[in-house]
Amino acid sequence: MPFDTTWPPLDADTAERERAGDAAVAAWLLVVAGMIVVMVALGGATRLTGSGLSIMEWRPLTGWLPPLSEAEWNRLFALYRTIPQYLEVNRGMDLAGFKEIFWLEYLHRLWGKLIGVVFAGGALALALAGRLRRSLWPRLALLFGLGALQGLLGWFMVASGFFPHRTAVSPYRLTMHLGLAFLIFAAVLWTALDLLPSQRSGRVAPRPLRASVHVAGALAVVTMIAGGFVAGTRAGFTYNTFPLMDGALVPAGYGDLSPWILNWFENLAAVQFNHRLLATATLAAALAAAAFAWRAGPPWCAPVLVFSGLVVAQYLLGIATLLLVVPVTLGTLHQTVAVLLVGAFVVCAHRLRPAVA
Ligand code: HEM
């Protein structure tokens, strides 16, 4: 069983009622996971439309309503006009222009608050109805804590965009924010899968299949972290050719920065090259996994083929995003498919766990 059913000790009726609630709890967690996918898409659109720095206050518990009076709009706009992004990039923007960039950031924050309410409210309602296994409470508390941390990290990221002479947020903080979103999504989905009737057949998946899926998943995760730096440094707005970069396979200037390790995070040529290289390795591993899954058949074939198919789609989407110099729609889609890819990998890893008696 996925949970320790012996702790805390429960009478038979209570234990049975909690077990009977598993499907409802799983459905609620799947709704939360779906809301996180929307949140990631909103986050991508917010970043790519340059909206992320338009709200200079952090009010995680209040701040549900947008500005309701002209005076409040003017107050927020006046705050925005003090930051380097306005002074160096958007100087001359009027209130109407400010309102345009405001709404996506507002919606992103509002959706985050809603996820918190659906999560906490759902947990409370299910617990009060006696439907939530007590053994699950610590895990849910941890997930809630991670969600709160994500809100804090979001603000920590946004605050880095207000530093003198900075017109965008820190790529390190952006990547942490994106990475934590993926982690929370994976943990929520995994927990939901734990509660659904087991899809495991009792047979052990062939070792090459397990190995290739895990390698492809690990490579996809590293590719995504590298992608965070491509997004954060805006490296996708340069070297807009594929497969060559400035006419070479490995771009000139790959190792220009010192200390050398900085190239991986701050040198646009290296940041983009690494993302391409890791993506190509992920693609190769995912194709191998697809071949092994095809041979292995059910119950592993379908989820692994979906995962591999998403890797192929994400690879092609990445190339299109690059060649078209990161249009908002394609960039947002690339970010959204990344979170779907995490989901597909979680389903595969869950299904491929060693069989239990
Ligand atoms: C397994 C394949 C891939 C995965 C998992 C992946 C994942 C990611 C992630 C998570 C990001 C950061 C967020 C965002 O999407 O903007 C990103 C950014 C990016 N990726 Fe990929 N990627 C893959 C393949 C590629 C390929 C093959 C290319 C191009 C050759 C590419 C080009 C880009 C570009 C240009 C960005 C920055 C987009 C922006 O500024 O919004 N990606 N990628």
Side-chain angles (χ1 to χ4, degrees), residues 1-43 60-62 64 108-154 177 179-202 217 299 303 339-340 342-357:
M1 287 300 286
F3 304 112
D4 179 1
T5 47
T6 58
W7 184 92
L10 300 172
D11 62 75
D13 278 357
T14 310
E16 185 46 42
R17 201 176 49 243
E18 288 188 356
R19 253 198 307 279
D22 280 356
V25 176
W28 156 67
L29 287 173
L30 288 176
V31 168
V32 172
M35 290 181 80
I36 296 175
V37 172
V38 174
M39 186 70 176
V40 170
L42 274 175
L61 299 179
T62 56
W64 284 84
H108 184 60
R109 293 187 189 201
L110 184 69
W111 195 253
K113 289 188 178 89
L114 274 177
I115 295 179
V117 168
V118 170
F119 189 87
L124 200 66
L126 287 160
L128 288 175
R131 296 282 165 155
L132 192 60
R133 290 172 188 254
R134 259 148 256 225
S135 50
L136 199 54
W137 291 7
R139 203 196 291 194
L140 294 180
L142 179 70
L143 288 175
F144 187 75
L146 285 177
L149 181 67
Q150 176 69 334
L152 198 66
L153 197 54
H177 189 53
L180 186 56
F182 291 159
L183 182 73
I184 295 172
F185 171 72
V188 169
L189 184 58
W190 185 278
T191 306
L193 294 174
D194 272 351
L195 292 162
L196 291 172
S198 174
Q199 302 293 313
R200 288 184 288 175
S201 61
V339 71
L340 295 179
V342 171
F345 175 60
V346 166
V347 171
C348 290
H350 199 269
R351 184 80 61 94
L352 286 166
R353 285 169 309 158
V356 285

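All values derive from a computational prediction rather than experimental measurement.
Expressed to the nearest 0.5 Å, how far CG of Leu180 lies from CD of Gln150 amounts to 4.0 Å. In this structure, CD1 in Ile184 is found 13.5 Å from CG in Leu189, a value given to the nearest 0.5 Å. Rounding to the nearest 0.5 angstrom, the gap separating the CZ atom in Phe119 from the CG atom in Leu143 is 4.5 Å. Annotation: the span from Thr191 atom OG1 to Leu196 atom CG amounts to 11.0 Å, rounded to 0.5 Å. Interatomic distance, CG of Leu114 versus CZ of Arg109, reported as 14.5 Å (0.5 Å rounding). Of the inter-residue distances, the one linking Arg131 atom CZ with Leu136 atom CG reads 15.0 Å to the nearest 0.5 angstrom.
The shortest non-hydrogen separation linking Ala123 to Trp28 is N-CZ2, 3.4 Å. Considering all non-hydrogen atoms of both residues, His177 and His108 come closest at NE2-NE2, 4.3 Å. Ala26 and Ala192 get closest at one heavy-atom pair: CB-O, 3.7 Å. Shortest non-hydrogen contact noted between Ala181 and Ile36 is O-CG2, 4.2 Å. In terms of heavy-atom proximity, Trp111 sits nearest to Met35 at NE1-O, 2.8 Å. Residue Cys348 comes nearest to Pro303 through the heavy atom pair SG-O, 3.3 Å, listed as atom of the first residue, atom of the second, then distance.
Ring orientation note: the planes of Trp190 and His350 are nearly perpendicular, at an angle over 60° on the 30°/60° scale.
Judged as a side-chain contact (heavy atoms from CB on, under 4.5 Å), and not counting sequence neighbours, Leu142 has no contacts. For Phe185, there are no ring pair (Phe, Tyr, Trp, His ring centres under 6.0 Å) partners two or more places apart in sequence or in a different chain. Listed by chain and number, the residues in a ring pair (Phe, Tyr, Trp, His ring centres under 6.0 Å) with Phe182 amount to none (sequence neighbours excluded).
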**OP:** Please report the C-alpha distance between Arg139 and Asp194 in whole Å, then the side-chain angles of each, then the deciding distance to 0.1 Å, and finally whether the salt bridge (Lys or Arg N to Asp or Glu O under 4.0 Å) criterion is met.
**Re:** CA-CA 12 Å; Arg139 203 196 291 194; Asp194 272 351; 3.2 Å; yes
Original post:
Do Leu132 and Leu140 pass the side-chain contact (heavy atoms from CB on, under 4.5 Å) test, and can you show the C-alpha distance, the side-chain angles, and the key distance before you say yes or no?
Top reply: CA-CA 10 Å; Leu132 192 60; Leu140 294 180; 3.8 Å; yes
**OP:** Kindly indicate, with the supporting measurements, whether the criterion side-chain contact (heavy atoms from CB on, under 4.5 Å) is fulfilled by Arg133 and Leu195.
**Re:** CA-CA 10 Å; Arg133 290 172 188 254; Leu195 292 162; 4.1 Å; yes
